[in-house]
2 protein chains.
Amino acid sequence: MTAQRRVVAEVLDGEHVHLTADEVHSRAVDKLPEISRATVYNTLGELVSLGEVLEVATDKRAKRYDPNAHRPHHHLVCAQCGAIRDVHPTGNPLADLPDSERFGFAVSEVEVTYRGTCPNCAAA
Amino acid sequence: MTAQRRVVAEVLDGEHVHLTADEVHSRAVDKLPEISRATVYNTLGELVSLGEVLEVATDKRAKRYDPNAHRPHHHLVCAQCGAIRDVHPTGNPLADLPDSERFGFAVSEVEVTYRGTCPNCAAA
DNA sequence: AGCTTGATTTAGACATTGTCTACTCTAGGG
DNA sequence: CCCTAGAGTAGACAATGTCTAAATCAAGCT
């Protein structure tokens, strides 16, 4: 555990939002000016492998990193401004996929993304 | 409807798979060598606006284009090789999101992505 | 303390994907 | 035949992510 990794972890802990790698980097630089982009990417990659952080691929260009990896949840995305909220739907989508629709895959995860318009964008 | 647009439409129709923009471009070039990348992107964008084609954001870097836009469906992705299959789960995930979890959003769509290992990768 | 070894970090080049701009081409109206 | 508007083109540019070579650091050994 080096200073750089601690800073990346702190950035993600402090804000429990959904940051892009670049945003993580900017905030890390505020705390440790000499940290490099490559290190941020490396560290994020390690955190993902360790299961501490989730990669979220909404349809935006950049992946986002979600530190709330231990509590399973899904996402609600504003189609206009890209705002993301964590949501906890009822039901178990894994159970909704019959064997006949699995094509021999060993299915291990489901990711559900709801899309819509957030109150802010609806008002504007 | 120009020659270029017809070619893009043909590429997507012929293969009802999930191509990246670059793959669409390569195949379009086979049929019409002078077609440019920009035109492919423009045409794909128009098809998406028209609702003829869906953009699919699995976690891979590139967006994929799914011509099967009229029959609602979701996707099953191999975490190793990236293979994609269309699937039709039972149940309605929209109904599984209670009002208390909508944060004032007007929710209009759900996208469900199952992840796992395909038979090919499991064998290897 | 000084050395060695290996992992970590860095800077920057590179790759991929997508967007934008300025120019060219073509078809149709006058 | 010329003009115009839209479509297409080439290539520059931008954003995101990956890789490499060199510098740095930490830890153990003598």
Side-chain angles (χ1 to χ4, degrees), chain A residues 1-12 17-50 52-67 75 77 79-84, chain B residues 1-12 17-50 52-67 75 77 79-82 84 113:
Chain A
M1 173 64 79
T2 66
Q4 286 79 358
R5 295 185 189 189
R6 195 175 332 109
V7 166
V8 171
E10 276 171 23
V11 167
L12 286 172
V17 291
H18 305 79
L19 300 169
T20 63
D22 237 39
E23 287 163 350
V24 173
H25 180 232
S26 308
R27 294 177 197 232
V29 165
D30 290 344
K31 303 189 183 211
L32 188 71
E34 71 273 25
I35 197 169
S36 77
R37 269 177 1 110
T39 298
V40 171
Y41 278 102
N42 287 343
T43 306
L44 287 173
E46 284 164 28
L47 289 171
V48 170
S49 307
L50 292 172
E52 293 297 315
V53 166
L54 280 183
E55 268 181 11
V56 179
T58 70
D59 64 346
K60 291 288 176 187
R61 31 206 168 268
K63 288 180 211 160
R64 295 181 170 272
Y65 292 88
D66 185 339
H75 293 103
V77 180
Q80 291 186 47
C81 69
I84 303 178
Chain B
M1 175 63 78
T2 65
Q4 285 81 356
R5 296 184 189 191
R6 195 174 332 108
V7 166
V8 170
E10 276 170 21
V11 167
L12 285 172
V17 291
H18 304 80
L19 300 169
T20 65
D22 236 40
E23 287 164 350
V24 173
H25 180 232
S26 308
R27 292 176 198 232
V29 165
D30 290 346
K31 304 190 181 207
L32 187 71
E34 71 273 24
I35 196 170
S36 77
R37 272 180 356 112
T39 299
V40 171
Y41 277 103
N42 287 343
T43 306
L44 287 174
E46 284 164 27
L47 289 172
V48 170
S49 308
L50 292 173
E52 293 299 315
V53 167
L54 280 184
E55 268 182 11
V56 180
T58 71
D59 65 347
K60 291 288 177 189
R61 27 200 171 274
K63 287 181 213 160
R64 294 180 171 273
Y65 291 89
D66 184 339
H75 294 103
V77 180
Q80 290 186 47
C81 69
I84 302 179
T113 306

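Quantities reported herein were computed from a predicted structural model and do not represent experimental measurements. Chain naming here is simple, since letters A, B, ... match the order of the sequence lines and numbering starts at 1 in each.
Rounded to whole Å, atom P of C/dG12 lies 12 Å from atom NE2 of A/His25. Across the protein-nucleic acid pair, B/Lys63 atom NZ and C/dT17 atom P stand 13 Å apart, rounded to whole Å. Atom-to-atom, CD1 of A/Ile35 to P of C/dT8 comes out at 14 Å; the value is rounded to the nearest Å. When rounded to the nearest whole Å, the span between CG of B/Leu44 and P of D/dA7 equals 16 Å. Whole-Å rounding puts the B/Asn42 CG to D/dG6 P distance at 15 Å. The distance between atom CD of A/Glu34 and atom P of D/dA23, rounded to the nearest whole Å, is 18 Å. A/Glu23 places its CD atom 11 Å from the P atom of D/dG17, with the value rounded to the nearest Å. Following rounding to the nearest Å, A/Asp22 (CG) and D/dA14 (P) show an atom-to-atom distance of 15 Å.
Between D/dG8 and B/Thr2, a contact under 4.0 Å exists linking OP1 or OP2 to a side-chain N or O. For C/dT10, the OP1/OP2 oxygens have a side-chain nitrogen or oxygen of A/Gln4 closer than 4.0 Å. For the pair A/Tyr41 and D/dG17, the criterion of a side-chain N or O lying under 4.0 Å from OP1 or OP2 is met.
In this structure, the side chains of A/Leu32 and A/Gln4 come closer than 4.5 Å at one or more pairs of heavy atoms. A 4.5 Å side-chain heavy-atom check between B/Leu44 and B/Val8 finds at least one atom pair inside the cut-off.
Below the 3.5 angstrom threshold, one finds no donor paired with an acceptor across the side chain of A/Arg61 and the base of C/dT16. With hydrogens and angles ignored, no donor-acceptor pair closer than 3.5 Å exists between the side chain of B/Arg37 and the base of D/dG11.
B/Thr39 places no side-chain N or O within donor-acceptor distance of the main-chain N or O of B/Ile35, the cut-off being under 3.5 Å. Judged by distance alone, the side chain of A/Arg64 and the main-chain N or O of A/His18 form a donor-acceptor pair under 3.5 Å.
Ion pairing of B/Glu10 with B/Arg27 is absent here, as no side-chain N (NZ or NE/NH1/NH2) approaches a carboxylate O to less than 4.0 Å.
Using a 4.0 Å heavy-atom distance criterion, A/Ala38 is classed as a base contact. Note on B/Thr39: a base of the nucleic acid sits closer than 4.0 angstrom, heavy atoms only.
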